[in-house]
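All values below were derived from every heavy atom in this structure, side-chain atoms included, with hydrogens, water molecules and symmetry-related copies excluded.
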Amino acid sequence: MDAKKVINILGANEGLNSSEIARRLAKYTGKKIPVNSFLNRMNTGTIRYNEVDKIAEMLGYEIKFERKN
């Protein structure tokens, strides 16, 4: 599953669209995050892992890696 799909699922669970996630992420991190830039990175698949991790943290989730059996 790609990052865009994960972010959209997390957002949907919380009733947020991608633009609102970008605005809240900017407020949460204290950094300027232009919504258009964030959406472009999601669409091109160039969003960074640390951004996905911060989004998950901001929404009350954590990312876990588990070995497949």
Find out whether [X] and [Y] are in side-chain contact, i.e. whether some heavy atom of one side chain is under 4.5 Å from a heavy atom of the other.
X	Y	answer
Tyr28	Ile55	no
Lys5	Asp2	yes
Thr46	Asn40	no

About how many Å separate CG of Leu59 and CG of Leu16, when rounded to the nearest 0.5 Å?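 Reported value, rounded in 0.5 Å steps: 6.0 Å.
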
Going by the rule side-chain contact (heavy atoms from CB on, under 4.5 Å), which residues pair with [X] if we only count those two or more places apart in sequence or in a different chain?
X	value
Asn50	Arg48
Asn8	Lys4, Ser18, Met42
Val35	Ser19, Ala22, Arg23, Leu39

Show which side-chain atoms of residues 60-69 pair as donor or acceptor with protein atoms under 3.5 Å away, not counting sequence neighbours.
from: Tyr61; atom 1: OH; to: Glu14; atom 2: OE2; distance (Å): 2.9
from: Glu62; atom 1: OE2; to: Lys64; atom 2: NZ; distance (Å): 3.4

Which residues satisfy the salt bridge (Lys or Arg N to Asp or Glu O under 4.0 Å) test with Lys54, sequence neighbours excluded? Glu57

Where is the tightest heavy-atom contact between Val52 and Ala3, given as atom of each residue plus distance? CG2-CB, 3.9 Å

Stepwise side-chain contact (heavy atoms from CB on, under 4.5 Å) test for Ile47 and Ile7: CA-CA 10 Å; Ile47 192 163; Ile7 292 168; 3.6 Å; yes

Residue pairs passing the side chain to side chain donor-acceptor pair (under 3.5 Å) test where at least one lies in residues 29-38, sequence neighbours excluded: Ser37-Arg41

